[in-house]
Visitor: 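Take this structure first; my questions come after.
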Amino acid sequence: WPMPPVEVVDLKKVSTERKGFHALGISLENAIRQAMDQQEQVILFLNRRGFSTYVFCPSCGYVHRCNNCDVAMTYHRAENLSRCHYCDTVVEPPEKCPACSSPAMNFFGLGTERLEEEVKRKFELARVARMDSDTMRVRGAHNAVLSAVRDRQVDILIGTQMIAKGLDFPNVTLAGILNADSGLHIPDFRASERTFQLIAQMAGRSGRGATQGDVLVQTLSPEHPAIVHARTEDFQGFAAIELAERRELAYPPFTRFTCITLRGRDQARVAAYAQRLAEAIGPSDRFILGGPGPAPLEKTK
C-alpha cells in the first residue's frame, strides 16, 4: 500500500482556535466528521491511559504522587480513583490539597479515557471503542474489540500502543495521532527513534483498502526531526540526523552501554554503595564511567 498523506497540526496554534480544553483540534475533528459522513472508520492513537495524567493543586503546586513510587498518580474518572501505573496502587483522589488544604484540586493532562469522553460527546451517533490496558483486563477482550472493528460494528477506535501496529482494517481511512511528541521528552536516547517508529506505524493503519487514507499528527513539536521525517516516511533522512547526534555523544550503535542498577530500602545506603562501586571500577582508557546518579524513576514499588 502507498503511504497515506500525513498532515502535522501544531498544537500551539490549536490552543488559540477556541476556548476551553479540546483534545481534538479543529482539523482532526472535521476529518473525523467527514469519515463518519462517508461511513468510514477512524483510529485515534494516544499513548497515555486514564483520564488525567496527574492531579495537582494550583495554589501551592502539590502533585498527588504514589506513596510507593516516585511518580504522579493517574486519575481514572470511571472508577473515580487515582492509580499508579507502575505498582498499581489505587487510592481515592484528594478532595482538598494535603499540603495547603486548598479545595481547588485540578485534573491535568490527557489520557485515553478523557479522549473517549470527548469523542462520544462530539460524535453522539458514533460507535466508539477503547483499547488500553484498563479496558483489556478481561480474557478475550482484545479479540472481541478487534472483531467488532473488522465487522464494522465500531466507527472510532481509541487506543494506546497496542493499536499502533499489525492491524489491517480496509475501511479505516483516518488515523489521528494525539500528543505525538509526548514520548520525545523521556530520559532515553532512543526516544526520537521510538517516536519516529510510532508515527510511521500508525500511518500504516490508514488507507489499507480501496479508499486513500489520511493521517493527522497533533504535536507541540512540529519541527522535531522525528516528526518531520516520519511525515514523509524518510527513514534515511532521519537516520542520518540521529546517527550524527549519537556519534557525537558516543551513544549506541557507536558504543555499548552497560547499566548497573542498585536497589535497596535505604536510599542513603544505596547511594553510598553506588559511590564505592564507582570508585572500585575506577577510570579506564577502555570505557567512560558515568555516574553514579539516581535512576530516572528513583523509587518503584
Side-chain angles (χ1 to χ4, degrees), residues 23 44-57 61-99 105-120 128-146 157-167 177-188 190-191 194-195 197-198 202 259-267 269-271 293-301:
L44 299 178
F45 171 81
L46 174 64
N47 209 21
R48 289 286 183 277
R49 59 191 172 105
F51 186 84
S52 297
T53 47
Y54 62 96
V55 182
F56 78 104
C57 173
Y62 166 85
V63 175
H64 187 210
R65 305 180 80 84
C66 176
N67 289 330
N68 300 318
C69 304
D70 183 38
V71 292
M73 303 284 277
T74 300
Y75 176 64
H76 293 251
R77 176 178 273 188
E79 307 167 294
N80 191 29
L81 294 170
S82 291
R83 183 183 296 274
C84 175
H85 286 176
Y86 285 88
C87 71
D88 215 30
T89 291
V90 177
V91 297
E92 292 186 359
E95 294 182 2
K96 62 181 181 180
C97 177
M105 295 298 289
N106 279 12
F107 299 86
F108 191 80
L110 174 65
T112 48
E113 187 181 356
R114 188 172 191 174
L115 174 59
E116 180 186 25
E117 182 184 89
E118 180 174 325
V119 168
K120 286 181 174 178
V128 182
R130 173 161 59 97
M131 283 187 69
D132 54 33
S133 54
D134 293 326
T135 59
M136 297 292 107
R137 296 188 177 197
V138 179
R139 182 185 292 271
H142 188 272
N143 288 334
V145 171
L146 293 183
L157 176 63
I158 296 168
T160 52
Q161 281 196 45
M162 60 179 67
I163 69 167
K165 50 189 173 183
L167 304 186
I177 304 172
L178 289 86
N179 293 3
D181 51 354
S182 61
L184 289 173
H185 310 300
I186 60 173
D188 190 323
R190 296 162 293 190
R194 287 172 173 167
T195 298
Q197 288 174 338
L198 275 174
M202 274 304 301
C259 178
I260 302 173
T261 303
L262 308 181
R263 296 181 175 88
R265 294 184 180 277
D266 186 322
Q267 186 176 19
R269 287 184 64 190
V270 173
L297 191 63
E298 220 172 327
K299 186 173 73 166
T300 310
K301 300 180 183 178

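Being a predicted model, the structure only gives us computed values, none of them experimental.
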Visitor: For a 4.5 angstrom cut-off between non-hydrogen side-chain atoms, does P93 reach M105?
Guide: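 Side-chain contact under 4.5 Å: no.
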
Visitor: Looking at Y86, I'd like to know if its OH atom is crowded, meaning that more than 12 non-hydrogen atoms belonging to other residues, nucleotides or ligands lie closer than 6.0 Å.
Guide: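 No, because the 6.0 Å sphere around OH of Y86 holds 12 heavy atoms or fewer from other groups.
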
Visitor: What's the separation between atom CD1 in I158 and atom CD in E117, rounded to the nearest 0.5 Å?
Guide: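 Answer for the CD1-CD pair, I158 versus E117, is 11.0 Å.
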
Visitor: Is there a side-chain contact between L46 and N179, using heavy atoms and a 4.5 Å cut-off?
Guide: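 In short, these two side chains touch, coming nearer than 4.5 Å.
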
Visitor: Between R263 and V270, is the side chain to side chain contact (heavy atoms under 4.5 Å, CB included) condition met? List the steps.
Guide: CA-CA 7 Å; R263 296 181 175 88; V270 173; over 6 Å; no

Visitor: Could you go step by step and tell me if E92 and L81 meet the side chain to side chain contact (heavy atoms under 4.5 Å, CB included) rule?
Guide: CA-CA 5 Å; E92 292 186 359; L81 294 170; 4.0 Å; yes

Visitor: Can you name the nearest heavy-atom pair linking D188 to R190, along with the distance?
Guide: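 Scanning both residues, the minimum pair turns out to be OD1-N, 2.8 Å.
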
Visitor: Atom CD of residue position Q267 - does it have more than 12 heavy atoms of other residues, nucleotides or ligands inside 6.0 Å?
Guide: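 No, not enclosed.
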
Visitor: Measuring from N47:CG to L178:CG, what's the distance to the nearest 0.5 Å?
Guide: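 So the CG of N47 and the CG of L178 are separated by 11.5 Å.
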
Visitor: Salt bridge check: are K120 and E116 linked by an N-O gap of less than 4.0 Å?
Guide: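 Between E116 and K120 there is a salt bridge, with a charged N closer than 4.0 Å to a carboxylate O.
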
Visitor: In the structure I gave you, are the side-chain heavy atoms of E113 and Y75 within less than 4.5 Å of one another anywhere?
Guide: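 Side-chain contact under 4.5 Å: no.
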
Visitor: Looking at every non-hydrogen atom in both residues, tell me the closest pair between E118 and A23 and how far apart they are.
Guide: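 It is OE1-N, 2.8 Å.
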
Visitor: So L157 and M131, do their side chains get closer than 4.5 Å, heavy atoms only?
Guide: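 With C-beta onward as the side chain, the pair touches.
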
Visitor: Measure the spacing between OG of S82 and CZ of R65 and express it to the nearest 0.5 Å.
Guide: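 Those atoms lie 13.0 Å apart.
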
Visitor: May I ask you to test the T89-N67 pair for a side-chain heavy-atom distance under 4.5 Å?
Guide: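 They are not in contact (no side-chain heavy atoms under 4.5 Å apart), so the answer is no.
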
Visitor: Taking the side chain as every heavy atom from C-beta outward, state whether V90 and E79 have any pair of such atoms under 4.5 Å apart.
Guide: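 When only atoms from C-beta onward are counted, E79 and V90 do not touch, as no gap falls below 4.5 Å.
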
